[in-house]
Amino acid sequence: MNIEWYVVLSSLLFAIGATGILIRRSPIVILLCLELMLNAGNLALVAFSRMVGNQEGQVFALIVMVVAACEVVVGLGLIVAIFRRKLPLDVDELRELRG
Amino acid sequence: MSATSWTWLVLLFPLAGSILISLGFRSIPARVAGVIGTGAIALAFACAVAALVNLLGQEPDARHHASSLWDYASAAGLDIKLGIYVDQLSAFMMLVVTGVSTLIHLYSFGYMRSDEGYHRFFSYLNFFVFSMLLLVLAGNFVLLTVGWAFVGFASYALISFWYRRTTATEAGMKAFVINVVGDIGLVLAAFLIFREIGSFDYGTVFAKAPEVFQSGEWTVTAICLLLLVGAFAKSAQIPFHTWLPDAMEGPTPVSSLIHAATMVTAGVYLIARTHVLFYLAPTAADIAAFGGLATLLVAGTIALAQTDLKRVIAYSTMSQIGYMIMGVSIGAYSAGLFHLMTHAFFKALLFMAAGSIISAMANRQDIDRMSGFWKAMRFTSLMLLVGGLALAAFPLTSGFFSKDSILAYAEARGGMYAWMAIGGYVGALLTALYTFRLIFRVLPGRPCEEAQHLIDSGELYHGPPINPATEEEEDTDVGFPGAHHHIAEQSWPMAVAMALLGFGALFAGLIQVPGVDNVLFGFLEPAFLDSPLAEIHPSVGAEWRGLAIGAAISLIGIFAAWVLWVSRPQLPALFRERLRPVYLLCLNKWYFDEAIDFLVVRPALAIGRFANSTFERIVVDGLITGTEDTVGGAGRLVRVVQSGFVRSYALLLLAGFAGLALYFLIVSS
Amino acid sequence: MNFHAPHIDYAALSPVIALTVGLCIVLMTAVSKPLRRTAPALTLLALATTAGLLIWQWDEETDLISGALRLDGLAIAISLIAILTAAFAVLLSTREPAVEEAGSGEYHALLLGSVLGMVLLAQAQNLVSFFVAIETLSIPLYILCATNLRHERSLESGLKYLIVGSLGSATLLYGMALIYGGSGSTDFAGIAAGIGKESVLGDPLVLVGIGMAAVGLAFKTSIAPFHQWTPDVYQGAPTPITSFMAVATKAAAFAVFVRFFDVALAPESGDWQAPLAVLAAISIVVGNVGALRQSSLKRMLGYSGIAQAGYILGGLVVASEAGVNALVFYLAAYAFMNLAAFAVVVARERETSYGDEIGAVQGLGAERPLLAWPLTISMLGLAGLPATAGFIGKLYLIEALVAGDYTWLAVFIAVGTMISLAYYLPVVAAMWMRPGGEAAETATPTPAIAGASPEADPIDPEAGRRVYLVAPALLAAAAVVFFGIIPQPLVEFAQHAGSSLF
Amino acid sequence: MEEVLFFGAAIGALGGAIGVVAMRNPLYGVLALIVHLFSLAVLFLLLSSAFVAAAQVVVYAGAVMVLYVFVVAYVGGDTESAWEPIPGQRFLAPLMGAALFVELAIAVLASSLLALGTDGPDVKAGFGDPAEIGRLLLERFLLPFEASSILLLLAAVGAVVLASRREVER
Amino acid sequence: MTNSLLWTPLLFGVIGLFLPRRAAGWWAVLGTVVTLGLAIALLAGFDSGAAGLQDTVDVEWIPGLGVDYSLGIDGLNLFLILLTALVWTGGTAFAAFREQERPHLFFLMMLLGETATLGAFLAQDLLLFVLFFDLMLVPFYFLFGAWGSDREGGPTASAATLKMIVYTLIGSLLMLVAAIATAVISADGGHLTFSIAALGEQGLGEGSQRWIFWFFAAAFLVKMPAFLLHGWMPDAYRAAPLPALAVFSGVLAKVGAYGFLRVVLPLFPDATIQFQEVVLVIALASILYGSVMAFTQTNVRLVAGYSSVAQLGFITAGIFALRADGADGAILQMVNHGLVVAPLFVIVAILAERSGTEDLREMGGMAMRAPVLAALFLIVTLATLAMPGSANFIGEFYILNSLFDSKIVFACVAISGVAMSAYYALRLYQRTMHNRKPEGIESREIGWRDGVVLAPLVLCILGLALYPQLILKRTDASVQRNVAGLSDTTDAELARQRGRGSEGQSISVSSGPSESRAAAG
């Protein structure tokens, strides 16, 4: 199976994730979409690692998983904090800062 | 001491006097100031005489010297020294200037006595004389310009001496600006001369001119025309004459000094001084001559219609200067200068007499109100008469000889110059007419109110201080009009000055009677030998023929004036009816003021107002506001895009990336 | 199977270790109230130690831990800038409400964590450590931005930063993946070698990868059009954090930007120089015009930061030693100028009810000269007027640009500077040319006052005299002037950094 | 055989992804993501990287997703309205997504890297096994490895700071 | 020597901060007086014949960037330095006699301004020049903005000042780029130096000269200000406090013209020759426009302001006649104009105090009880309108003469400005001092304080009027050297024409133009 297929697939996933961030307003879903994008990156990494035949890419992918986890944790923490402040869980409602 | 050292002294005294008076205006008492002022000029006159004597001691053709104190501004090849040039011409001029000025100072000593600005007046007066002397003594064109401009400024200061009088300040401004125009002409001429000859120094220039230029070459013509601008502006020749009549706003001594005896003659002097160039530029010379002719005729006609005592005399000045200009332009150098001298005498005298009368009229100057002063003020009237006779070239008076020597020369040179002579005679007729119009209006007849008051009480009539020009209340705290007026009968300095001038006016002509004696010409001629025109001499016979014609004309003119204004007083009114347009033309001074106002002043001011209101706002500020708006608009755009929606931020981010990626894809293929 | 532990040069690694240890210790203080008070001091201590160690390693140039890091002049210079900024931030954080909210220990630990990220980032020369470092830098900042929990704005800024930031990281990651694919290697040297190959040079895969990496880094350095988070986050975050972000993040990000592009991607420089130059121009314009007529000082500084980033990017674009020197010099100067400004802003927002509105500094010249002068100097410096480090910095940049045949960008810098005067000088005018009393009428009170009262912070009328606020301000301002008049030391500092790359 | 697996997994991954983006309810989104992640794990296996696949399943599908579920449960996964406040966004967003995909795809397909067209070189047995990866982590990538641990620590602290209900002492 | 001259004012200013309020002003005055003394000492020690730099200081400043700290004086800047010192003394004293709010800052800024200006004149390193050139603006931003007066219906002082700063910096910043470009390009990878002299020798490609020329020209023309670029001037002048304004328009405007002489002519000869006409057109426009504006203006400050526009137009024209006498005249005229404008603004201040207005239409008749004031004002006025006999006349005479030789048409147009100047200057004097005195205007003699400020300046005017050679003698040599590279063409034909007349007493100008041109090309 050609590596091309994997990479193209990953780019498609990346695009989908990006689109999700652009159209979804719930911060949780946006976090999910970020996960999608990072995973797309991972897929690409692994695919390339296979292509060039060294495992650095895989290690990179693992590290990315950790990073992704961290972002999720922080993100969810923020969401909880916002929820605590009785603020709407909608990124479009949070636009006091502008101009 | 050499002639030049004497001459430096001549320059020094008036300047010193002026500075001394102005510095001590608080401490020095008024009379002392007057004494200092008069004394300074008297001393200058003495030194002038000394210089003359010194000159006479030398060979006629060695009678020119240059001397300079220090490098005034010499760099990059320009040679501008603080130097003077003494020869017969400048010696003659400084004699006339200092001599007449001394008498005028003396007159002012009495006349201005009660004026608050006594100090100011005398320091100005001295400064004026200094400037005039600088003008005639300067040794290069730059210094000439300096003197030229100083004279202009001094006349400004004196014209607007009573500076609370708006008419006076306006007149002063007018005089100054027109004079500046003249200066510019002079400066440009200097540039051109330097460009061609590479020097500003009289000696160098006049020596080199003949070999540098061929006769009639455009450059030299241009130079002469530019010089003429200067000359005409100072000498109040058409079309630069309009300032002179207005200049009568100044105190009467000023009028007599500046606008008769000295300042206005500067143009004559300039042409005489640069006769070398003018000889090389015949066209320019002729233009000058015609200008003089035109002026003398036009001024004569205007003088006929005016009713302001001083203005009439002022216009007569213009026309007399016209004679001189014509004279020196066509080559009658000595004759022109001769007339300059005699004119200085009788014109100063006329103004002094007029001043005396005006005092008696409590500053009214309208001749229609005047009459019968013969009974009221015998001496003044006498002097007025003497001056009038000389002006009208009554036989054997000074004016008689000087004027006719010009016309005789013109006739002798022949060609179109002969026609000019005829024009000159016509002018003479006019002169006689308006002069005696004046005299017959003022002297004979039943004394007017003011004159009567003087006869009865022996005291001067005191009217309310009114500005005759605008009929508005005078602001008296600048002095004008003094608490008391002064007339020759009551103040000896005035009387003395007038008497001396009267003597000059009557008999000065006798130093130069054709075929009898040749004092003046003999002295002046050597200065002009480098111009072949100086060779032309009318024969004695021709001169006497001319004199005869002149005598006849002046007698006719006087008689006509008697008929018109004494025996048949209704006639003038009749003429006014019949020749209304002509009358209006003369009354309104041929509409020169209006023309200049329309052609120069208004456009300039209009442009200024346009620039100030429209251009400045739209273009200049437009540049700024335009930029401001563009930048501000961009800022507004940025802030609008900064909508606060995090998702639109993401969109822009990705868009940015898309663009970048697109670029790279294009590059890579 | 045999395992070879990598060689570790502890001396060279010591700064990182010191920071990590410090981090842990500070974190420990969170456990009890009395200990918590010591957190700032300990933080400062940790920072000082690290700085000391860095200076000790001044002339070092080595690869660390099998090439994951490289300690060299650039790394040390940038790390020092970051640490200095952090130290200032710690001082400014004294009595900061946000600190109480988050708890002093946690707050400072996070701060140190971010610094650690920066130090690593400045040294990173391997895609993996690069990515980890940049996240270690960012994630604590996401949190710190939001620490002022009672302020909706703080949370908002945190969330915005997190979302857009993660998006940026994702893009960066994908770009890295592509570059890795193209070059088959993750460390910079390998990448340079890999993409330098004839077959790969100019390959769309790699180029697009470069583009994505550029986006990620441009985002961190707030280059337009990836700048939009900047004003919002700067304004919403607690001011000490803003000051830290504004300077340190930029410095660290630029460090890796330079290292990655001028070392790893050097072979492709012909392709990326032009687009980056255009990005620089765009940010100069956007930043400067955006800052016009901003009433919030922090927001204004945010926009100005965008413009300044544009200037600095110029130093990278020319891909020359002079360029890097100029870049480092300008970063240092920029650090001082901004810190001075932010210190004053902190003081005023605690002292007056105007928050960071420009009204807060009105009449400052008469009221608090010791605050007015630093702000004035910093504004003049940012505007690039002579006798300040800002002027020399611009001079340095322009020189590099002209030498690198990017004169048009230099002209852009000049034009941008003109526009910038229109928002820097009004601040000066507000301080010196308007009476303080007037402030009451003219200045519009912040929503913080107008809006929900629970958000209102306590007002400390003496803040303008607190030494921990005035001293930093004066110090930074003094540095701005000093390096404006005697720039040579800073120039050498910059040259030491630049010389290590070329 | 491989093709079948690939396409199956690919479809799963895409489906999951689209599910995440499309599902109105966050909870469903989370579930869709889990599907996506599992499919990815399969792809990883196909790319002969067993350890990553495993980690994927354990870390993500295990830990992270649970976290998500908790939070969604806590804040209440109410469905968001379809109303779009940002003008143009609804139109531009998909366009942008498409553009991204097209550009990336072109970049990949136009790439002159020959290796892309292959299944990749033959790799020795154990490629991507835990042992290999572990060795790399401890040798070449020791620092990132350690750094990521610190990162995790910081993230945890952050989460506590943000989410913990603390009484601010004044 | 030059060094101490440069830093003395600033030193005094800084020390002044620590003195009591009342002392601050007098301390500042002392500082300026000391500076003036140093400047006079410089003049005394100056070697008139030498063309090169004297009293040079040259130490490395930023070796990393090739910037040196090098100062020096020659014929070009000697008298401008004197002017600066003198005018500043006057302005500061005038301010010290009056109550200033926040005196410490005010006088610090005044003195900082002096140091900056002196620096701009003294700098012999291109970058140092640019630095001081920009630095000059900073103190005046404060002076105008903080002590200026807001105009009702108009912009506030700070707004007007902001406009001025931004506008004038537009030029300066472009100039910064241009300066660096000059050095970098002419170094061409070699040793980077900003030394003006060195750059002049290295020379620059004609292509780069073109744009660099305009960047510099922009800076200088805006500073002057020249026609169309004077948009900042009216508001700023209206807002400015008069002591500061006196020094500002007395000296700072000259820096622009000086820049042309010091930098543009020697460094970019080809471009200069190429764009000679363009700049001359701008100069003419400034002359005419400034004059026309001046005689329709009713605000006293603006009459003076626009007259300066015209005067600077003359100076520019003189410089761009590209001949020695023109440049001589230009320098002379810079000094004259400085000496004239500064007292003019002092007088405006005095009049404003007496009449409570700055509108010509509401003034008048003030000469009555104030003969001394009137006399001083009159002298200043006459100098302003370049009355023959004043040094200003000599200045304009030299300028116009050179223009007449090189570009006769321009000269003929330019000279009309002289006539207009006569009108507006005299108008200014008349409308204020003469005519009827409106109600509520008092005519009071000037006190000894203002006398002390005014008299020395007027004396200098008179002194120069008597002996302008004082300046010409010392400038000529340097000027010859500076324009040598440019004036060969114009001088060649000149030589031909003059050849008809004298033996080359006129053409000491074209001393070895050929080789310097070769170096420039």
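In what follows, chains are A, B, ... by sequence order, proteins preceding strands, each numbered from 1.
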- Message: Side chains of C:Ser169 and C:Glu135 only: does a donor on one sit below 3.5 Å from an acceptor on the other?
- Response: yes
- Task: Return yes if a side-chain donor-acceptor contact under 3.5 Å exists between C:Tyr107 and C:Ser93, otherwise no.
- Result: yes
Region of [X] in contact with chain D, defined by heavy-atom distances below 4.5 Å:
{"X": "C:Leu144", "answer": "neither"}
{"X": "C:Leu149", "answer": "side chain"}
{"X": "C:Leu110", "answer": "both"}

- Would you mind telling me which of C:Ser66, C:Ser114, C:Ala30 has the largest number of heavy-atom pairs within less than 4.5 Å of chain D?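 It is C:Ser66.
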- Under 4.5 Å, counting heavy-atom pairs only, tell me which of C:Leu13, C:Val200, C:Asn126 racks up the most with chain D. C:Asn126
- Message: Distance check, rounded to the nearest 0.5 Å: C:Asp187 atom CG versus C:Phe130 atom CZ?
- Response: 13.5 Å
- Reported CG-to-CD distance for the pair D:Leu137 and D:Glu132, which is rounded to 0.5 angstrom: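 Answer rounded to 0.5 Å: 11.5 Å.
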- Within the distance-only criterion (no hydrogens, no angle test), does the side chain of C:Asp203 pair as donor or acceptor with the backbone N or O of D:Ser111 below 3.5 angstrom?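 It does not hold such a pair.
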- Task: For residues C:Gln125 and C:Asp63, determine if any side-chain heavy atom of one lies less than 4.5 Å from a side-chain heavy atom of the other.
- Result: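 Answer yes - side chains close enough.
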- Under 4.5 Å from a heavy atom of chain C, the part of D:Leu100 involved: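 Neither part.
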- Side chain, backbone, both or neither: which part of D:Leu153 has an atom under 4.5 Å from a heavy atom of chain C? side chain
